[in-house]
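Heads up: the structure comes next, in structure tokens.
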There are 2 protein chains.
Amino acid sequence: MKHDVSPDTIPPRSHEAKRASIMDAAGEVFCRESFAGANIDMIAAEAGVSRQTIYNHHGDKEKLFVAIVRDLTERCNAGIFATISTFPDQPKDLEADLIAFAVRMNRNCICNRDGKFLRKLIQTEGERYPELFAEWREQGPGRTWPAIAARFARLAHAGFLDIEDPDVAARQFLALANAELQTTFMLGGTPDDDEVLQSATHGVRTFLRAFGKRQPAAEAQKHSALAGA
Amino acid sequence: MKHDVSPDTIPPRSHEAKRASIMDAAGEVFCRESFAGANIDMIAAEAGVSRQTIYNHHGDKEKLFVAIVRDLTERCNAGIFATISTFPDQPKDLEADLIAFAVRMNRNCICNRDGKFLRKLIQTEGERYPELFAEWREQGPGRTWPAIAARFARLAHAGFLDIEDPDVAARQFLALANAELQTTFMLGGTPDDDEVLQSATHGVRTFLRAFGKRQPAAEAQKHSALAGA
DNA sequence: ATAAATTTAGACACTATTGTCTAATTCGTC
DNA sequence: GACGAATTAGACAATAGTGTCTAAATTTAT
């Protein structure tokens, strides 16, 4: 976090570094203490910056809070779309590939710092800032879910899956992948790699029991119809 | 004795009525404003009670908060166990019965006032009161999930379902039933009956595609083996 | 009816926090 | 090294909230 290598002087940081440092600290503190519980001095201390600097940058507490949420929303969305682009369109091993995808999604978008913070802030302050969080809803789930649904639709069309409603399937995929992490999320914890893998594995297996073809699509297309039980 | 006919005076309420009224108002306010954002005057006003009365009953803000969480936990647990007792052990129409069960669970335990409040308080303040919420975890999910799992295990044993791990299946059942309510929950909203029914219907269908037998158990047992595709 | 317990409004001391201001310092850049 | 911009510590007024205390009013039980 803080590299104090110099013996007596504090290492100077640029304007931008301070800006970033304020965003980091504010995210942390708002998340930990809630908007009302957070105070500017705490954020300033955690950012290693004077209180006045925060007021110079952001005007007041509420503007700072809004900036944090916008920033987190953007970063999370970027991460989610980056992860969606790794969706297995031509899976070699459908189960393994979907499990790996679910794990990536969880690790890089849901359980990471930004994901955790954004989730917490939405849950905690969502009702107090309807317009801000309506914005999140549009930019977030409103765009990511259809994107995931489109990938599942493609997979189904290619014969790997048997899906009627890709939107429903996408939501259920995510719900199943997280099914065993709910309690941990509730309490603000971060599940370890093993829990994430477990939940993803169980979730994907169930998902494939519901929506999988009996055989891999490539095989199925070669051998035409064997239709086993 | 108990005739409130007085025309111009505010109807007096008993000690116990005030106690309940404080609990109600405090739940509401803590939930809406978070612990730090809530203040005693607000609660007193909402409860129609003087501030001092709250201090008389509960000592201080933190003790009041703890009392609220304990109360909500208890009430929610009671509701969940009551609902679990309506689990369809001898289903006539497995899909319809499970959907109805999922709807009851959502309506009476997750989406109702107590469920919503408890969820919000756990999410918001969980990290600040580890021991209190550890208690919730034990009393809540720690006892309800196994109870639900046991019902699914029985259903599987009776030949209605094909389940390896009932604990996993139970968690996934709940996750699927709520899959389409996540965003609404996030923002603190209350889904209407139609959304609840939709989500439950889709969730249970997927659940049965994954874990259902091809035929109703009764039939399957009579006709022994037909094993259709 | 009367006594005991509870509730009430309001004042109160105390603390915490926000947001502003200033004067000195440090930084980035030429 | 010199200049303007950014940052700093600290004081500051203004506000809001907690928890206590009082004396009067009201409720409950005897």
Side-chain angles (χ1 to χ4, degrees), chain A residues 2-26 28-68 125 128-129, chain B residues 1-26 28-68 124-125 128-129:
Chain A
K2 289 176 186 170
H3 310 270
D4 288 8
V5 212
S6 36
D8 49 326
T9 65
I10 299 115
R13 291 162 307 159
S14 73
H15 183 74
E16 284 314 312
K18 275 173 209 258
R19 174 161 236 101
S21 161
I22 291 170
M23 298 299 274
D24 276 8
E28 193 97 33
V29 174
F30 277 135
C31 184
R32 196 177 58 227
E33 313 282 346
S34 87
F35 178 80
N39 69 303
I40 304 286
D41 293 294
M42 213 185 286
I43 295 172
E46 202 142 323
V49 139
S50 84
R51 179 180 49 224
Q52 187 59 50
T53 299
I54 293 180
Y55 283 107
N56 288 344
H57 280 235
H58 291 99
D60 67 16
K61 190 179 174 184
E62 186 158 325
K63 291 207 193 77
L64 173 60
F65 177 74
V66 171
I68 299 303
E125 314 291 345
R128 199 190 319 285
Y129 296 87
Chain B
M1 292 278 192
K2 292 183 179 178
H3 302 272
D4 289 7
V5 222
S6 29
D8 52 325
T9 64
I10 298 114
R13 293 160 306 156
S14 70
H15 184 74
E16 283 313 312
K18 278 176 209 254
R19 172 162 236 99
S21 164
I22 290 170
M23 297 298 272
D24 276 9
E28 193 96 33
V29 174
F30 278 135
C31 182
R32 196 175 61 227
E33 314 281 347
S34 85
F35 179 79
N39 68 300
I40 303 287
D41 293 292
M42 213 184 287
I43 295 172
E46 202 141 323
V49 138
S50 83
R51 178 178 52 224
Q52 187 59 50
T53 301
I54 294 181
Y55 284 106
N56 288 344
H57 280 233
H58 291 100
D60 66 17
K61 191 178 174 184
E62 185 157 324
K63 291 207 193 75
L64 172 59
F65 178 76
V66 170
I68 300 301
T124 307
E125 314 292 346
R128 201 190 319 285
Y129 296 87

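Keep in mind that what you see is a predicted model, and the values were worked out from it rather than measured.
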Would you mind reading off the bend of the helix from C/dA1-D/dT30 to C/dC30-D/dG1 from its two end axes, five pairs each, to 10 degrees? 40°
Measure the shortest side-chain to side-chain distance between A/His57 and A/Gln52 over non-hydrogen atoms and say whether it is less than 4.5 angstrom. no
Rounded interatomic separation in angstrom, taking CG from B/Asn39 and P from D/dT15: 17 Å
In whole angstroms, how far is the C1' atom of D/dA16 from the NZ atom of B/Lys61? 11 Å
I'd like to know whether B/Arg128 forms a salt bridge (Lys or Arg N to Asp or Glu O under 4.0 Å) with B/Glu62, so could you lay out the CA-CA distance, the side-chain angles of the two residues, the decisive distance to 0.1 Å, and finally the verdict. CA-CA 11 Å; B/Arg128 201 190 319 285; B/Glu62 185 157 324; over 6 Å; no
Under 4.0 Å, heavy atoms only, any strand: does B/Ala44 hit a base, just the sugar-phosphate, or nothing? nothing
Length of the line joining A/Glu16:CD and C/dC27:P, which is rounded to integer Å: 17 Å
Measure the distance from CD on B/Glu33 to C1' on D/dG17 and round it to the nearest whole Å. 14 Å
Gap between atom OG of B/Ser34 and atom CD of A/Glu33 - 0.5 Å precision: 10.5 Å
Below 4.0 Å: OP1/OP2 of C/dT8 and any side-chain N or O of B/Thr53: yes
Rounded to whole Å, please give me the gap between NE2 in B/His58 and P in D/dG19. 13 Å
Side chains of A/Glu46 and A/Asp24 in contact at under 4.5 Å (non-hydrogen atoms): no
I need the OH-P distance between B/Tyr55 and D/dG17, as an integer number of Å. 11 Å
Quick test: give all pairs of protein nitrogen or oxygen and nucleotides 9-13 of chain D nitrogen or oxygen below 3.5 Å, distance rounded to 0.1 Å.
unit_1 : atom_1 : unit_2  : atom_2 : d
D/dA11 : N6     : A/Arg51 : NH2    : 3.0

To the nearest 0.5 Å, atom CE of A/Met42 lies from atom CZ of A/Arg51 at 13.0 Å
What class does the angle between the rings of B/Phe30 and B/Phe35 fall in, given that below 30° is parallel, 30 to 60° is tilted and above 60° is perpendicular? parallel
How long is the line joining CG of B/Asp41 and C1' of D/dT15, in whole Å? 14 Å
Which distance, rounded to the nearest 0.5 Å, do you find between the OG1 of A/Thr53 and the NZ of A/Lys18? 6.0 Å
If you assign B/Asn56 and A/Phe35 each to the DNA chain C nucleotide with the nearest heavy atom, which residue ends up on the more 5' nucleotide? B/Asn56
A/His57 side chain N/O closer than 4.0 Å to the phosphate oxygens (OP1, OP2) of D/dA6? no
Within this structure, what is the CD1-to-P distance between A/Ile40 and C/dA16, rounded to whole angstrom? 17 Å
State, yes or no, whether a side-chain contact exists between A/Leu64 and A/Ile43 at a heavy-atom distance under 4.5 Å. yes
Looking at B/Lys18, I'd like to know whether one of its side-chain N or O atoms comes within less than 4.0 Å of OP1 or OP2 on D/dT26. no
I'd like to know if the side chain of A/Lys61 and the backbone of A/Ala38 have a donor-acceptor N/O pair within less than 3.5 Å. yes
